[in-house]
Amino acid sequence: MAGFTVYNDKIDLDELFGIDFDEVAEEALKEAAPILERSMKAAVQASIGHSGDSELVRSIKANKPRKSKNGAWIVNVAPKGYSKVKVYHAKKSGRTYPVSNALKAIWKEYGIAGKQPAHPFLAKAVNDAENEVLGTIQRKFDQKAGE
C-alpha cells in the first residue's frame, strides 16, 4: 500500500521563521541571477561557431526579480534586443527584418532544419549554475533567519 501525508500549503514563513519572505526572496534572486547569467554566457560562448554569435553572448542579461500575480518570485535570464549582424529575408515580400537575439538563441539550442545542427547550451548552463545558485539562496535565507 502507498501512503502520503498532506501538509497545509498555507504555511506562513513570516510567522514561522520571523522573516519577511518577500524580502528574502527578492534579495536571494538579486544575488543568484548573476550566477546564472555568467553560466549562460559561458555555455553560449562554448557553443559559438563563428564571431557573429558573440553579440548573442553580450545580449544575455538578468531582469530584476519581480513578484508575479500568484505570489511567486521570478527572475528572467535571457538574450535581449536585436542582432546587428543577422537579418531575416522574407521570401514573399522581399523585406528584411532584424533577428532578435532570443531567436538566435533558439536557433542555437534547437538548430535550423537542414541548415544548422543543434548546439544545446541551456541545460548545461542551468546544471553548471544549480549548486551555486541554490547555495546562494540558502545562505541568504540562513542569514535572514538568524541561523
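Numbering starts at 1 and runs along the sequence shown.
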Are [X] and [Y] linked, directly or through other ILVMFWY residues, by side chains that come within less than 4.5 angstrom of each other?
{"X": "I60", "Y": "I35", "value": "no"}
{"X": "M40", "Y": "V57", "value": "yes"}
{"X": "Y82", "Y": "V99", "value": "no"}
{"X": "I112", "Y": "L103", "value": "yes"}

Quick test of your reading of the model: are K144 and E23 salt-bridged, counting only N-O distances below 4.0 Å?
yes
Got a second to check how far [X]'s [atom1] is from [Y]'s [atom2], nearest 0.5 Å?
{"X": "I137", "Y": "D142", "atom1": "CD1", "atom2": "CG", "result": "12.0 Å"}
{"X": "D22", "Y": "E27", "atom1": "CG", "atom2": "CD", "result": "11.5 Å"}
{"X": "L56", "Y": "Q45", "atom1": "CG", "atom2": "CD", "result": "9.5 Å"}
{"X": "T136", "Y": "F141", "atom1": "OG1", "atom2": "CZ", "result": "15.5 Å"}

Identify the heavy atoms of [X] and [Y] that sit nearest to each other, and give their distance.
{"X": "E37", "Y": "A62", "answer": "OE1-N, 3.2 Å"}
{"X": "D128", "Y": "S39", "answer": "CB-OG, 3.6 Å"}
{"X": "W73", "Y": "A25", "answer": "CD1-CB, 3.5 Å"}

So if I apply the salt bridge (Lys or Arg N to Asp or Glu O under 4.0 Å) rule between E55 and each of K104, K80, K84, which one comes out positive?
K104
Any side-chain heavy atom of [X] sitting closer than 4.5 Å to one from [Y]?
{"X": "S47", "Y": "K108", "value": "yes"}
{"X": "K64", "Y": "L29", "value": "no"}
{"X": "L134", "Y": "Q138", "value": "no"}

Is atom NZ of K124 surrounded by more than 12 heavy atoms (other residues, nucleotides or ligands) closer than 6.0 Å?
no
